[in-house]
S.K.: 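For reference, the structure I am asking about is given below.
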Protein chains: 2
Amino acid sequence: MAPTSETLTAERILEATEEVLRRHGPAKATVVDVARALGVSHGSVYRHFRTKAALREAVTKRWLDRTSGQLSGIAEADRVPEARLREWLAALFAAKRRKAGEDPELFATYTVLTGENGSVVGEHITDLESQLTRIIQAGVDTGDFAAADAEASARAVFQATGRFHDPCYAKEWEEPGTEADFAAVVDLLVQGLRRTP
Amino acid sequence: MAPTSETLTAERILEATEEVLRRHGPAKATVVDVARALGVSHGSVYRHFRTKAALREAVTKRWLDRTSGQLSGIAEADRVPEARLREWLAALFAAKRRKAGEDPELFATYTVLTGENGSVVGEHITDLESQLTRIIQAGVDTGDFAAADAEASARAVFQATGRFHDPCYAKEWEEPGTEADFAAVVDLLVQGLRRTP
DNA sequence: CAGCTGACAGGTTTCAATATCTGTCATTCG
DNA sequence: CGAATGACAGATATTGAAACCTGTCAGCTG
């Protein structure tokens, strides 16, 4: 679109790739399209990314990292652990649901990309679980939570709330009653974490 | 295969359809194949099922009902509610995992079928949730569980354990650590249900 | 000379012609 | 007479040839 004469950088290629994916979708987005959007030949793109798969992987990582970054603020916040946990889970759900609802096609695109890039997604999940672990460990430290193994509990909480952040459930997020379902699951999990006197 | 001269019944057609689906998979299984397997013309099949979709739906229902039936025995068993709940959840997970592991192609076939038949799946889930509700209500009655709304709690438990029964996670069920993950989630949920003195 | 280009080989996708399937129904069969 | 058949129209799937894409590299350009 804009064949700016700035030097070609990995960052600019990623930007252009996101745009091409947004326009054409994951099935029809080609490396040639990306090069054309940048006003260069596709050979130049291959100077920065060894393969098309590597390019798509990098775009996926960028996208996931943005979510992680937003949530880490909450994980570190200076609040009572239970409130922090509830807020973090609500923010994760809200972020995913907003993305799925606002631009379903783009969300579908990234769902395809995450399906292709198991290891990047795995790292993202590890990251989210470690944020959760910090929250739960804080709760154990204050005596609010009883968890023999904060990491295992974090994993359990993350998996138990999968219905509210895993893309495979995206189409159900706008159904009525979803809010209540989310609240019920979170209440049950928080109750399970609480220290019983 | 065996063009027996018994009268053509819906039951025999369903049997043959399951066999054809097992052989050819969901994409290539045709009504003509089913008729051929029964030694009749495909017009005869349409006397019993209005459309191909209705036939596939009936097969799906049969398959799901078999699972429900197995589990209902546990739901009604004469045991302490907590043990019954744990056993029921473990049985659900074990049944799904066994089916997915023993014959992955057949499982994939049924995953496609359940994807096509939202309402039948919805009824199946309602059925499972009502079995769970009965277990949890029993726990409330004995004073073991504290749940303001047994039905809502049942729904929460069912959704929170989705990772261990929803087909979209099937490929992760054989990974190491899955048993431990399952145990951690169930422990957390049971702890959340327990009455806190 | 570092970075970019564009032609190219091998592989994948598209498209239109062809074959098959779904669902109906007038007719046949027992 | 009720159950089953098979020819048929319209819809869907398959196939093979042509178009396009990926990844490489010898050579061009600033």
Side-chain angles (χ1 to χ4, degrees), chain A residues 1-61 105 108-109 112-113 115-117 120, chain B residues 1-61 105 108-109 112-113 115-117 120:
Chain A
M1 205 98 299
T4 66
S5 54
E6 287 172 53
T7 61
L8 189 58
T9 136
E11 184 62 22
R12 285 188 62 221
I13 292 174
L14 290 175
E15 212 91 50
T17 305
E18 284 198 348
E19 180 58 20
V20 168
L21 282 165
R22 193 170 286 122
R23 287 254 160 82
H24 300 353
K28 300 178 80 177
T30 73
V31 176
V32 172
D33 290 331
V34 173
R36 190 164 29 233
L38 288 162
V40 300
S41 82
H42 74 281
S44 301
V45 173
Y46 280 97
R47 182 161 301 279
H48 295 266
F49 297 93
R50 254 199 311 302
T51 64
K52 182 186 186 182
L55 176 56
R56 288 164 80 104
E57 183 177 294
V59 169
T60 307
K61 183 162 162 42
E105 287 193 33
T109 293
V112 171
L113 289 181
E116 288 170 3
N117 297 89
V120 167
Chain B
M1 204 98 298
T4 66
S5 54
E6 287 173 55
T7 61
L8 189 58
T9 138
E11 184 61 22
R12 284 188 61 221
I13 293 173
L14 290 175
E15 212 91 50
T17 305
E18 284 197 347
E19 180 58 22
V20 168
L21 282 165
R22 192 171 287 121
R23 286 255 161 81
H24 301 350
K28 300 178 79 176
T30 73
V31 176
V32 173
D33 289 332
V34 173
R36 191 163 30 234
L38 288 162
V40 300
S41 82
H42 75 280
S44 302
V45 173
Y46 280 98
R47 182 162 298 282
H48 294 266
F49 295 94
R50 254 200 310 295
T51 65
K52 183 186 186 182
L55 176 57
R56 288 163 80 105
E57 182 177 294
V59 169
T60 307
K61 183 162 163 42
E105 288 194 31
T109 292
V112 171
L113 289 181
E116 288 170 5
N117 297 93
V120 167

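These numbers come from a predicted model, not from an experiment.
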S.K.: Need the bend value for the helix from C:dC1-D:dG30 to C:dG30-D:dC1: angle between end axes, 5 pairs each end, nearest 10°.
M.R.: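 Comparing the first five pairs with the last five, the axes sit 10° apart.
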S.K.: Round to the nearest Å and state the distance from A:Leu55 atom CG to D:dC21 atom P.
M.R.: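 Value for this atom pair: 15 Å.
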S.K.: Please give, in whole Å, the distance from D:dA13 P to B:Lys52 NZ?
M.R.: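 Distance check: B:Lys52 NZ to D:dA13 P gives 8 Å.
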S.K.: Should we say atom CD of A:Glu105 is surrounded by more than 12 heavy atoms from elsewhere, each under 6.0 Å from it?
M.R.: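 Counting neighbours around CD of A:Glu105, 12 or fewer heavy atoms of other residues, nucleotides or ligands fall under 6.0 Å, so no.
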S.K.: A:His48 and A:Leu8: which non-hydrogen atoms are nearest, and at how many Å?
M.R.: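 A:His48 and A:Leu8 have their closest heavy atoms at CE1-O, 3.2 Å.
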S.K.: Roughly, in whole Å, what's the span from CG in A:Asp33 to P in D:dG23?
M.R.: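 Checked: the CG to P distance equals 14 Å.
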S.K.: Would you mind reading off the distance between A:Arg50 atom CZ and D:dT22 atom P, rounded to a whole angstrom?
M.R.: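 Taking CZ of A:Arg50 and P of D:dT22, I get 17 Å after rounding.
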S.K.: Can you see which heavy atom on B:Arg12 is nearest to which on B:Thr7, and at what distance?
M.R.: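 Scanning both residues, the minimum pair turns out to be NH1-O, 3.2 Å.
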S.K.: Please state how far atom CG in A:Leu8 lies from atom C1' in C:dC4, giving the value in whole angstrom units.
M.R.: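 These atoms are roughly 9 Å apart.
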S.K.: List the steps and the verdict of side chain to side chain contact (heavy atoms under 4.5 Å, CB included) for B:Asp33 and B:His24.
M.R.: CA-CA 9 Å; B:Asp33 289 332; B:His24 301 350; 3.3 Å; yes
S.K.: So if I apply the side-chain contact (heavy atoms from CB on, under 4.5 Å) rule between A:Val34 and each of A:Thr17, A:Leu14, A:Leu21, A:Val40, which one comes out positive?
M.R.: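 Exactly one candidate clears the test, A:Thr17.
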S.K.: Calculate the interatomic distance between B:Lys28 atom NZ and C:dA19 atom P; express it in whole Å.
M.R.: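 Nearest whole value for this atom pair: 17 Å.
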S.K.: Separation of B:Arg36 atom CZ from C:dT22 atom C1', in whole Å?
M.R.: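 So the two atoms are 14 Å apart, to the nearest Å.
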S.K.: Quick check: does any side chain N or O of B:Arg56 sit under 3.5 Å from a backbone N or O of B:Pro26, one acting as donor and the other as acceptor?
M.R.: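 Present.
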S.K.: Which residues, if any, of residues 40-49 of chain A bring a heavy atom under 4.0 Å of DNA chain C?
M.R.: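 Output list: A:Val40, A:Ser41, A:His42, A:Gly43, A:Ser44, A:Arg47.
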S.K.: What are the two closest heavy atoms between B:Val20 and B:Ala37, and how far apart are they?
M.R.: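 The pair with the smallest heavy-atom distance is CG2-CB, 4.2 Å.
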S.K.: What is the distance, rounded to the nearest whole Å, between atom NE2 of B:His24 and atom P of C:dT20?
M.R.: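 After rounding, the gap between these two atoms is 14 Å.
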S.K.: If you take all heavy atoms of A:Thr51 and A:Tyr46, which pair is closest and at what distance?
M.R.: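 Answer, listing the atom of A:Thr51 first, then A:Tyr46: CA-CE2, 4.0 Å.
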S.K.: Should the pair A:Glu19-A:Arg23 be classified as a salt bridge under the 4.0 Å nitrogen-to-oxygen rule?
M.R.: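 Yes, A:Glu19 and A:Arg23 are salt-bridged.
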